Amino acid sequence: MFQYPKTIENEVQLDEILSMPDQQLIDFMKRLDGDIAILGIGGKMGPTLGRLAVNAIKAAGVNKTVYGVSRFSNAAARQQLEDWGVKTISCDLMNREAVAQLPDFPNIIYMAGRKFGTGGTENLTWAMNVIVPTIVGERFKNSRITAFSTGCVYPLVGPETCGCTEETPLDPVGEYVQSCLGRERMFGFASQTYGTKVLLYRLNYAIDLRYGVLHDIGKQVWNDEPVTNSVGYFNVIWQGDANKIALLSLEEAASPAVPLNVTGPEIIRTEYIAERFAAIMGKKVTYTQPVSGAKCYLNNAGKAMRLYGYPRVSLDQMIAWQAAWFMQGGRSLGKPTHFEVNDGKF
Ligand SMILES: NC(=O)c1ccc[n+]([C@@H]2O[C@H](COP(=O)([O-])OP(=O)(O)OC[C@H]3O[C@@H](n4cnc5c(N)ncnc54)[C@H](OP(=O)(O)O)[C@@H]3O)[C@@H](O)[C@H]2O)c1
């Protein structure tokens, strides 16, 4: 079995580890027909997803192109993708004419979305999360699409429920999450109307050391700030595992659209994580409230684990890597998850 390193020294090593394919993904690339396009590749998860796909294709010895489509507001991210073997195309997906000019892509991972700063810019959030999926669903009606969504489309629940499954009735709280349900509905509409094969990938919290829920809690502990415990429990998954599942899930895409929860196996207590970080870092923890909140976004990913197995990177490993990352002065993206929000106001 592959042994992960005890610590991750720098971002070069981090990106390499995030982009390492395993045999399951390599075998999948041998089966998959056609090229892959990642729409909205320029964010936190897209670049290493593109590189993971390229690496798996190389290891499989097959001939496929991975396209990365984004506005590329970050020009350096575009160059890095090219260096990693992803063919980039600059396109604003809000622009219907520009989307019409894109080549046909048989396989699409749709990642574009808008979350942060929703308050005060609700119109833009709805346009981004609902109009763009409408445009993409029409343009790529003959493609197979895994559309990134969020586990926050489910109701807030307590840990005693073991988390929401794909059968739990949806109950999105607040405008951001309602707009995410709108994104799902537009892909669902394309699937129903045109027979497009769609998978709705409901993710709760990917982790990559530079951002994520463990990052946000670890940063508070490291900086001697009170840990925000308004949300008492959460789930996380290593970004490399989340991206691997995103690719594999193309095979589950169907009409009508199929939902799939994606996260790690644990329901994790906020205070447990804070205490673990404190012990490793030699810190003392305080909290923002005496009793942690019981209303949480909890995603039960039993189906994904039945289909694809358990994630390769364990929670214990993520805790150790994350603590060491802060202690050695590792970089943060400065993009908080806002996992502490339990009233829908992101
Ligand atoms: N990360 C998580 O833990 C998490 C959890 C739940 C759900 N999700 C969802 O999963 C998806 C991927 O996550 P992420 O963290 O990588 O998201 P992200 O950092 O917000 O990245 C999405 C990227 O989409 C691109 N984009 C936005 N508007 C676009 C447009 N009009 N045309 C073309 N590209 C556009 C942007 O890059 P450019 O500036 O280059 O265009 C943006 O960086 C998102 O939809 C997110 O909401 C993520």
Side-chain angles (χ1 to χ4, degrees), residues 18 37-50 52 67-81 86 88-99 102 108-118 121 124-136 139 145-154 172 176-177 179-184 187 199-216 234-243 245-246 249 260-264 297 299 301 318 333-339 341 346:
L18 287 167
I38 301 164
L39 307 187
I41 198 171
K44 298 184 293 300
M45 298 182 70
T48 57
L49 171 59
L52 176 68
Y67 292 92
V69 179
S70 235
R71 294 164 305 183
F72 293 112
S73 27
N74 178 353
R78 181 174 193 175
Q79 186 54 52
Q80 184 162 66
L81 279 166
V86 175
T88 61
I89 302 175
S90 177
C91 175
D92 183 347
L93 296 168
M94 193 91 88
N95 181 334
R96 202 179 283 269
E97 288 72 39
V99 174
L102 290 172
I108 290 180
I109 311 277
Y110 179 87
M111 307 186 90
R114 180 178 157 78
K115 177 173 181 180
F116 300 112
T118 296
T121 57
L124 179 58
T125 299
W126 279 93
M128 191 51 229
N129 291 344
V130 180
I131 294 178
V132 177
T134 311
I135 295 172
V136 168
R139 166 65 187 87
I145 303 175
T146 283
F148 271 60
S149 179
T150 166
C152 301
V153 291
Y154 295 117
Y176 159 67
V177 189
S179 77
C180 293
L181 178 57
R183 170 170 57 190
E184 286 201 5
F187 279 115
L199 182 126
L200 304 168
Y201 172 105
R202 294 184 182 148
L203 173 64
N204 271 96
Y205 307 131
I207 294 293
D208 113 334
L209 307 187
R210 293 164 289 202
Y211 85 98
V213 182
L214 297 189
H215 168 280
D216 293 355
F234 57 89
N235 324 103
V236 296
I237 182 167
W238 179 246
Q239 185 176 290
D241 286 313
N243 281 342
I245 295 173
S249 73
L260 183 70
N261 290 353
V262 179
T263 194
Y297 287 117
N299 191 332
M318 289 186 259
L333 292 184
K335 293 184 178 172
T337 53
H338 296 299
F339 83 100
V341 171
F346 287 94

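Treat the numbers as computed from the prediction; the structure is a model and nothing was measured. First listed ligand is number 1; within each ligand, the first listed atom is number 1. FYI, side chains are in, hydrogens and waters are out, and symmetry mates aren't considered; it's all heavy atoms of this structure.
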Looking at ligand 1, would [X] count as a contact under a 4.0 Å heavy-atom criterion?
X: Y201; result: no
X: Q239; result: no
X: G151; result: no
X: V132; result: no
X: S149; result: yes

Record the part of C152 in heavy-atom contact with ligand 1 below 4.0 Å; permitted values are side chain, backbone, both and neither.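 Neither part.
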Contact region, M128 to ligand 1, non-hydrogen atoms below 4.0 Å, reads side chain
Show which atoms of ligand 1 fall inside a sub-4.0 Å distance from at least one heavy-atom site of C91.
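Per the distance check, 32 (N), 33 (C).
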Near Y205, which atoms of ligand 1 are under 4.0 Å from a heavy atom of that residue?
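Counting from 1, the qualifying ligand atoms are 3 (O), 5 (C).
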For [Y], is there any backbone N or O sitting under 3.5 Å from a side-chain donor or acceptor partner on [X]?
X: N235; Y: N299; result: yes
X: R114; Y: W126; result: no
X: T263; Y: N204; result: yes

Quiz item: side chain to side chain donor-acceptor pair (under 3.5 Å) with T88: which residues, sequence neighbours excluded?
Solution: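 R78, E82.
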Notebook entry, point to check: Counting heavy atoms only, which of K335, M111, R71 comes nearest to atom 22 (C) of ligand 1?
Noted result: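 Comparing heavy atoms across K335, M111, R71, the nearest one to atom 22 (C) of ligand 1 lies in M111.
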Under the ring pair (Phe, Tyr, Trp, His ring centres under 6.0 Å) test, residues paired with Y211 that sit two or more places apart: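 By the ring pair (Phe, Tyr, Trp, His ring centres under 6.0 Å) rule, Y211 matches no residue at all.
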